[in-house]
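Structure record follows, encoded as structure tokens.
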Number of protein chains: 2
Amino acid sequence: MLTSVSVQTLQRLPVYLNLLKSECMQQAVYVSSKTIAESLGLHEIQVRKDLASVSSGGKPKVGFSKITLIRDLETYLGYNDSNDAILVGAGKLGKALLAYDGFKEYGLNIVAAFDNDESLAGQKEGNVPILSLSKMNDICDRMKIRIGIITVPSPAAQSICDQMVASGILAVWNFAPAHLDVPEHILVKNENMAASLAVLSRHLMDKFTD
Amino acid sequence: MLTSVSVQTLQRLPVYLNLLKSECMQQAVYVSSKTIAESLGLHEIQVRKDLASVSSGGKPKVGFSKITLIRDLETYLGYNDSNDAILVGAGKLGKALLAYDGFKEYGLNIVAAFDNDESLAGQKEGNVPILSLSKMNDICDRMKIRIGIITVPSPAAQSICDQMVASGILAVWNFAPAHLDVPEHILVKNENMAASLAVLSRHLMDKFTD
DNA sequence: GGTATATCGATAATTGTATATCGATATACC
DNA sequence: GGTATATCGATATACAATTATCGATATACC
């Protein structure tokens, strides 16, 4: 427990959590690494290693306590204390994310959205107010916002990102298909649809050319 | 060239392409791996290795021909010949993806959407017709659709996925936060928002506890 | 035309991740 | 209570990805 966890492991943790909370595990009290591995198509050794880094041990013969595991995973992933975030770019994708109410389950709370189209200012989308971009700095500062979500077109992304960093944002979730340059201590997580599509597309191409 | 490319490399290719096409490279004729690496925060050796697997060589002292590189990347990624796809789940996220017109740039063409809410049938979103789920099998079969996009709530995801596979789908792009079980030859690419959030959230937690 | 140098490409070392092996232990069952 | 066994956890191996090293080569400049 408490060792530094690799990004790969980290990204598997929500998947474990999701499985443990799902219907098919409803009545389970103990869950073995083997069961988890088989359900997710992973190897049991990997599951054990992943879980070992965020939770206290399981019991031989029976496995891991489900509720303990859920509690530890949620704590580690920060689902208990919520993170406030702002979103910039209230276009189609931006509005969809604002309306999506699943984020609070993951401890993410979007408190405001911004757009440089002033005609949107004053509207609401999924209970989140859309405001003029000029107010971003002030609000981030006052509310100590640390997460920024970028859903603007690519050419504008870097500029918005710079403004976010200047406003005290520490982690950027970038939905624009563009590379962002940031100071060292800032984290950028790209939700790169093009990259995903590349994997899909090549899979099909390979299937039909050999 | 033409060696099998790792998923990691594959996912970087669209990023290279995006950079090469961006404004800041507008007037360049030759681009060196060093330039690319610096722009993207990567190492030049990695860039050279990645490019070597999809394009023919560069020239010492000057670098790679930009247009050749763009052409080879687009060919490799299949941006030239388009892939038809269907989408299931015309909720908020589904509609956002339908309305997003950036996919055709990547060679993805969503031809129809399906939802089990019959009241949506007949509507259009971003020029894509929304149809009754019961018609999915028939349409996939007739149009030889090979890509399916899942934007339904988690509990329904596996069932939809099974129907897709039964309809001849070979690659699934899964936006539901759920693990999908599929036969071996089927590819599932998860667009896992929870996993991304985990990375963001832990970054912040680590920042504030050491 | 000759030389210096930027950049490439191949090979090698390193790091990191995933998988395998094996002894230890708590539970279940006799 | 004793024994068999499922499962854990630690150490070790194998594999894949990234980073480093170095010689080769085409361009630029004198």
Side-chain angles (χ1 to χ4, degrees), chain A residues 1-13 15-16 19-20 25 28-69 72-73 179 190 192 195 198-199 202 206, chain B residues 1-16 19-20 25 28-69 72-73 179 190 192 195 198-199 202:
Chain A
M1 184 154 179
L2 219 132
T3 34
S4 78
V5 162
S6 79
V7 174
Q8 324 265 1
T9 295
L10 182 50
Q11 295 194 118
R12 279 190 295 269
L13 298 183
V15 183
Y16 297 140
L19 177 71
L20 292 169
M25 295 266 165
V29 177
Y30 284 93
V31 188
S32 75
S33 56
K34 194 180 176 186
T35 310
I36 296 175
E38 277 172 1
S39 305
L40 300 177
L42 302 171
H43 290 256
E44 55 174 318
I45 302 119
Q46 185 174 54
V47 174
R48 273 208 292 280
K49 227 177 152 190
D50 287 347
L51 295 181
S53 55
V54 296
S55 185
S56 46
K59 284 184 195 171
K61 189 82 178 184
V62 289
F64 294 83
S65 154
K66 192 183 75 175
I67 56 160
T68 308
L69 225 42
D72 289 347
L73 282 167
H179 168 80
N190 294 301
N192 197 340
V199 177
R202 275 311 306 183
D206 292 344
Chain B
M1 180 153 180
L2 218 131
T3 34
S4 77
V5 161
S6 78
V7 174
Q8 326 263 2
T9 296
L10 182 50
Q11 295 194 116
R12 280 190 295 268
L13 298 181
V15 183
Y16 298 139
L19 177 72
L20 292 169
M25 296 262 163
V29 176
Y30 284 94
V31 189
S32 75
S33 55
K34 194 178 177 187
T35 310
I36 296 175
E38 277 171 2
S39 304
L40 298 178
L42 302 172
H43 290 256
E44 56 173 318
I45 302 119
Q46 186 173 54
V47 174
R48 271 207 294 278
K49 228 180 153 190
D50 286 347
L51 295 181
S53 54
V54 297
S55 186
S56 46
K59 286 184 193 171
K61 188 85 176 179
V62 289
F64 295 84
S65 154
K66 192 183 73 174
I67 56 159
T68 307
L69 226 40
D72 290 346
L73 282 167
H179 167 79
N190 294 301
N192 196 339
V199 177
R202 275 313 305 183

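Quantities reported herein were computed from a predicted structural model and do not represent experimental measurements.
Shown are B:Lys61, B:Lys66, B:Lys59; of these, the side-chain hydrogen bond (donor to acceptor under 3.5 Å, both in side chains) with B:Tyr30 is made only by B:Lys59.
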If you look only at distance, which donor and acceptor atoms sit under 3.5 Å apart when one is on a side chain in residues 34-45 of chain A and the other is two or more places apart or in another chain?
{"from": "A:Thr35", "atom 1": "OG1", "to": "A:Ser32", "atom 2": "OG", "distance (Å)": "2.7"}
{"from": "A:Ser39", "atom 1": "OG", "to": "A:Thr35", "atom 2": "O", "distance (Å)": "2.9"}
{"from": "A:Glu44", "atom 1": "OE1", "to": "A:Arg48", "atom 2": "NH1", "distance (Å)": "3.4"}

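Ranking C:dA26, C:dG9, D:dA17 by closeness to the B:Ser6 side chain, first place goes to D:dA17. Ranking C:dT19, D:dT18, D:dT25 by closeness to the B:Arg12 side chain, first place goes to D:dT18. Looking at the side chain of A:Val62, the nearest of the listed nucleotides D:dA20, C:dT27, C:dT19 is C:dT27. Picking from D:dT21, D:dA28, C:dA18 the nucleotide with the shortest atom distance to the side chain of B:Lys61 gives D:dA28. Proximity note for B:Gln8 (side chain, C-beta onward) versus C:dT17, D:dT18, C:dA20: the nearest is D:dT18. When each of C:dA18, D:dC8, D:dA26 is scored by its nearest atom to the side-chain atoms of A:Glu44, the top-ranked nucleotide is D:dC8. Nearest nucleotide to the B:Lys49 side chain, out of C:dT17, C:dT25, D:dT18: D:dT18. Nearest to the side chain of A:Pro60, among D:dC8, C:dT19, C:dT17, sits D:dC8.
Rounded to an integer number of Å, the gap from A:Gln46 CD to D:dA14 C1' is 15 Å. Per the geometry, CD1 belonging to A:Ile45 stands 14 Å off P belonging to D:dT7, to the nearest Å.
Taking a 4.0 Å limit (strictly below) on heavy-atom distances, residues 29-43 of chain B reaches DNA chain C at B:Ser32, B:Ser33.
Regarding contacts with the backbone of D:dT27, a side-chain N or O of B:Lys59 is found under 4.0 angstrom from either OP1 or OP2. Phosphate proximity of D:dC8 to A:Arg48: present, with a side-chain N or O under 4.0 Å from OP1 or OP2.
In DNA chain C, consecutive stretches of 3 or more Watson-Crick or G-U wobble pairs with both distances under 3.5 Å are given as paired ranges: C:1-30 with D:1-30.
The CG atom of A:Leu73 sits 12.5 Å away from the CZ atom of A:Arg12 when rounded to the nearest 0.5 Å.
Within the 4.5 Å cutoff, no side-chain heavy atoms of A:Gln11 are placed close to those of B:Asn192.
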